[in-house]
Amino acid sequence: CGAPASGKGTVAEKLVEAFGSVHISTGDMLRAAMEDPDNEDGQTAKQCMAEGVLVPDSIVISLVKARLSQPDCKERGWLLDGFPRTAAQAEEMDRLFLLPDKCVILDVPKAVLVERVTGRRTDPETGKIYHLKFNPPKVDPDDESEEAAAKATAETEAIVARLTQREDDTEEALAKRLEAFDSNRAAIEDAFSAMAKVVDGNRGKEDVWQSVKEFFAA
Ligand code: AMP
């Protein structure tokens with residue numbers, strides 16, 4: 001769990017790599033559902049996301065329930081990224097006995113989140129996420145030749161040119177998303193207090209990962 005741009009996706013990727021569990025990001029699932037103009041829930045989600053408000057609990061819960069009942073989740077275990085986000089979602093997990101072994105809550109100051117979100121960009125071809133200032137695209141040359149350097153520069157420029165910004169990564173939508181996170185944070189922390197750890201997410205990726213790893217090893 002964590003606010004927008006607190007590093008949930010990055011930590012989730014590393015956890016999945018380390019434990020082989022199924023990565024379930026409700027944000028990604030909702031974005032996929034949005035692509036289908038005939039998917040009513042997807043279209044509702046699209047509107048909510050553009051406004052920066054949470055998607056109704058009923059839609060998100062049914063998506064998560066359907067995904068968790070698939071065999072890969074039972075075999076490999078699951079990692080929820082961005083869910084639960086409300087008291088009702090946490091209660092539903094409890095009701096369905098979907099109890100996590102561990103819960104990581106990433107803590108990042110608001111000013112840092114704003115800077116992270118407004119500079120965040122996605123490469124639509126690879127799905128890779130960059131930050132214009134902190135993590136801009138950079139293709140390394142294959143060797144030390146001038147030709148390889150020119151090719152790498154051209155590839156980097158091509159990535160930069162096709163980067164897109166998430167519709168809800170604007171300052172206006174972010175203000176609402178942060179508000180929603182603030183008002184739900186206590187409920188999530190309470191629901192998982194027995195297995196939760198608050199991790200300082202305002203550090204480099206490796207330092208954050210080190211803390212998460214230690215918590216999982218404990
Ligand atoms: P994320 O990619 O996790 O930042 O989520 C992007 C947007 O998807 C959020 O701002 C919400 O509008 C919606 N969303 C994702 N997960 C949830 C959830 N668990 N409950 C409600 N809305 C969600």
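When a ligand or atom number is given, it counts from 1 through the structure's own listing order.
Contact residues for ligand 1 (protein heavy atom closer than 4.0 angstrom to any ligand atom): Thr26, Gly27, Leu30, Arg31, Met49, Val53, Leu54, Val55, Val60, Gly82, Phe83, Arg85, Gln89, Arg166, Asp168, Arg177.
When the ring-ring contact (aromatic ring centres under 6.0 Å, His included) test is applied to Phe215, no partner is found at least two apart in sequence or on another chain.
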Which atom pairs, donor and acceptor, lie under 3.5 Å between side-chain atoms of residues 151-158 and protein residues at least two apart or in another chain?
unit_1	atom_1	unit_2	atom_2	d
Thr153	OG1	Ala149	O	2.8
Thr156	OG1	Val139	N	2.9
Thr156	OG1	Ala152	O	2.8

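Using a cutoff of 4.0 Å between basic side-chain nitrogens and carboxylate oxygens, Asp72 and Arg67 are scored as salt-bridged.
In this structure, Glu167 places its CD atom where only 12 or fewer heavy-atom neighbours from other residues, nucleotides or ligands lie under 6.0 Å away. Shown here is Lys8, whose NZ atom has more than 12 heavy atoms of other residues, nucleotides or ligands within 6.0 Å.
Counting only residues at least two apart or in different chains, ring-ring contact (aromatic ring centres under 6.0 Å, His included) contacts with residues 124-146 comprise His131-Phe134.
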